[in-house]
Asker: 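Questions regarding the structure given below will be posed in turn.
Counting starts at 1 for both ligands and their atoms, following the listed order. Position 1 is the first residue of the sequence, and the numbers go up from there.
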Amino acid sequence: MTDRRALITGITGQDGLYLSELLLSKGYEVHGLIRGQNNPKEQLVREVVPEVQLHTGDLTDLSSLLRAMRNADPTEVYNLGAVSFVAYSWDNAFVTTDVTGNGVLNVLEAVRLHAGDDPSRIRFYQASSSEMFGKVQDVPQKETTLLWPRSPYGVSKVFGHYMTINYRESYGMHASSGILFNHESPRRGPEFVTRKVSRAVARISLGLQDTISMGNLDARRDWGFAGDYVEAMWRMLQQDEADDYVIATGQTHSIRDLLDAAFGHVGITDWQDRVVQDPRFMRPAEVDLLIGDASKAKEKLGWEPTVGFEELVAMMVEHDLEVERGRA
Ligand code: F7E
């Protein structure tokens with residue numbers, strides 16, 4: 001048995017897969033928490049990272065978390081699990097609060113109870129989010145920026161963020177929080193805007209679809225590559241002291257810029273008549289501008305992003321061209 005064992009919640013998501021690959025490459029024994037009966041994403045995990053040991057459990061069920069802790073006996077716990085689609089959180093505010101908010105408290109409790117006399121012996125990572133900045137009070141946003149969430153998802157993430165800080169201060173736990181700005185990849189779910197666009201642009205360029213329906217084109221995001229961001233998570237847990245860090249590229253782009261880059265990659269410069277504005281994709285309250293200042297992470301963790309916006313969009317469109325060609 002290796003002495004480095006990680007338990008990851010949210011193992012079926014984009015970040016869970018990249019983090020598993022990273023930790024396996026570093027010689028960790030990796031365990032993942034998987035939710036529900038006959039979870040359709042279990043097969044994906046088994047294909048991409050077959051070495052990962054899966055445990056059944058749910059963030060809303062403390063006893064299942066305690067059982068997973070006992071069976072995996074981790075030295076590091078990464079809480080990546082959440083209801084993570086912001087638009088969904090208005091229609092399902094209670095479920096979001098339970099999983100994305102209270103779920104953090106459940107994992108912290110499971111870690112604390114399992115760790116016993118020395119709560120700092122298990123290092124804990126909480127996936128906090130730039131959605132917590134919401135109606136931004138500083139530009140760019142940093143660790144000390146006042147939080148002003150704009151969605152039930154954002155509010156739930158604020159709860160988890162402060163609970164993580166509180167467990168660090170109350171019990172001396174090695175609990176760190178990564179305030180990650182949007183991070184994307186070919187593994188991103190198709191409901192998120194980058195993947196929605198990369199997939200539609202690939203299909204339009206192959207003649208498989210004519211238009212794409214979109215919401216607010218003026219919102220701005222700081223988009224980085226998920227593969228870079230999981231490296232930052234791991235680095236946070238290797239520090240002597242637990243802390244909170246903004247992880248971002250420091251560049252911001254609008255949804256229009258995203259469309260420009262994606263359509264541009266397949267040689268379509270005049271994309272206006274390909275995009276249909278659909279009120280169904282507008283949100284009750286919007287986060288207008290995100291741009292992060294990751295200088296603390298650079299200084300303390302030696303972390304910097306390696307993939308820029310254009311390269312990220314090209315990577316995603318190329319991937320979707322390959323997938324769609326395979327389907328055609
Ligand atoms: O939206 C606008 C939308 O759904 C980005 C999650 O990982 O990052 C993500 O949250 C922007 C918003 O991500 C469409 O209004 C326009 O302004 O890709 P998204 P998100 O809401 O920023 C943070 C850091 C998280 O923590 C979250 O878990 O794009 N937008 N038209 C659209 N968005 C979508 N999804 N679909 C559209 O048609």
Asker: Among the clusters formed by ILVMFWY side chains lying less than 4.5 Å apart, do V313 and I255 turn up in the same one?
Answerer: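 Yes, same cluster.
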Asker: May I ask you to decide if the ring planes of F192 and F85 are parallel, tilted or perpendicular, using 30° and 60° as cut-offs?
Answerer: perpendicular
Asker: What residue and atom, counting heavy atoms only, is the protein's closest point to atom 35 (N) of ligand 1, and at what distance?
Answerer: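 Of the protein heavy atoms, E191 O, 2.9 Å lies nearest.
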Asker: Does a sphere of radius 6.0 Å around CZ in R123 hold more than 12 heavy atoms from other residues, nucleotides or ligands, not counting ones at 6.0 Å or beyond?
Answerer: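 Above 12, so yes.
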Asker: Around E322, counting heavy atoms of other residues, nucleotides and ligands shown, do more than 12 lie under 6.0 Å from its CD?
Answerer: no
Asker: What distance separates D244 CG from I165 CD1, expressed to the nearest 0.5 Å?
Answerer: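 It is 4.5 Å, given to the nearest 0.5 Å.
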Asker: With heavy-atom distances below 4.0 Å as the criterion, list the atoms of ligand 1 near E286.
Answerer: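 Answer for ligand 1: 3 (C), 12 (C), 15 (O), 17 (O).
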Asker: Any atoms of ligand 1 less than 4.0 Å from a non-hydrogen atom of S129? List them with their elements.
Answerer: 23 (C), 24 (C), 25 (C), 26 (O)
Asker: Counting heavy atoms only, name the option from L258, I255, N182 that's nearest to atom 8 (O) of ligand 1.
Answerer: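 Of the listed residues, N182 has the closest heavy atom.
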Asker: Under 3.5 Å between any N/O of V193 and any N/O of ligand 1: does that happen in this structure?
Answerer: yes
Asker: Should the proximity of F281 to ligand 1, defined as any heavy atom under 4.0 Å, be assigned to the side chain, the backbone, both, or neither?
Answerer: side chain
Asker: Under 4.0 Å from any heavy atom of G215, which atoms of ligand 1 are there?
Answerer: 14 (C), 16 (C), 31 (N), 38 (O)
Asker: Applying side chain to side chain contact (heavy atoms under 4.5 Å, CB included) to R168 and F124, what does each step give before you reach the verdict?
Answerer: CA-CA 10 Å; R168 182 165 78 218; F124 174 80; over 6 Å; no
Asker: Side chain, backbone, both or neither: which part of R221 comes within less than 4.0 Å of ligand 1 when only heavy atoms are counted?
Answerer: side chain
Asker: Please confirm whether S130 comes under 4.0 Å of ligand 1, counting heavy atoms of the residue only.
Answerer: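 True for this residue.
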Asker: Is it the case that the ring center of W303 lies less than 6.0 angstrom away from the ring center of Y229?
Answerer: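 Ring-ring flag for Y229/W303: true, centres closer than 6.0 Å.
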Asker: Going by heavy-atom distance to atom 7 (O) of ligand 1, choose the closest among R188, R220, R283, E131.
Answerer: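 It is R188 whose heavy atom sits nearest to atom 7 (O) of ligand 1.
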Asker: To which protein heavy atom is atom 10 (O) of ligand 1 closest, and what is the distance rounded to 0.1 Å?
Answerer: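 Checked against all protein heavy atoms, atom 10 (O) of ligand 1 sits closest to V86 CG2, 3.6 Å.
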Asker: In Å and rounded to the nearest 0.5 Å, what is the CZ to CD1 distance from R5 to I122?
Answerer: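 Going from the CZ atom of R5 to the CD1 atom of I122 covers 9.5 Å.
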Asker: At their closest point, which heavy atom of G160 faces which heavy atom of Q126, and how far apart are they?
Answerer: O-CG, 4.2 Å
Asker: I want to know if ligand 1 touches W223 in the polar sense, i.e. an N/O pair below 3.5 angstrom.
Answerer: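 W223 vs ligand 1: no N/O contact under 3.5 Å.
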Asker: Is the NZ atom of K296 crowded by more than 12 outside heavy atoms at less than 6.0 Å?
Answerer: yes
Asker: Once you measure the plane-to-plane angle for W271 and F263, does it fall in the parallel (<30°), tilted (30-60°) or perpendicular (>60°) bin?
Answerer: parallel
Asker: Within the structure, does F85 bring an N/O atom to less than 3.5 angstrom of an N/O atom in ligand 1?
Answerer: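 No: no nitrogen or oxygen of F85 is under 3.5 Å from one in ligand 1.
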Asker: Quick one: look up the protein heavy atom nearest atom 16 (C) of ligand 1 and list residue, atom name and how far away it is.
Answerer: N216 O, 3.2 Å
Asker: With a cut-off of 4.0 Å, which atoms of ligand 1 are near a heavy atom of S84?
Answerer: 6 (C), 27 (C), 28 (O)
Asker: Below 4.0 angstrom from a heavy atom of A219, which ligand 1 atoms are there? Numbered from 1 as shown, please.
Answerer: 17 (O)
Asker: Just need the protein heavy atom nearest to atom 38 (O) of ligand 1, so name the residue and atom and give the distance.
Answerer: K196 NZ, 2.7 Å
Asker: So is L180 touching ligand 1 or not, going by heavy atoms under 4.0 Å?
Answerer: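 It does; at least one heavy atom falls under 4.0 Å.
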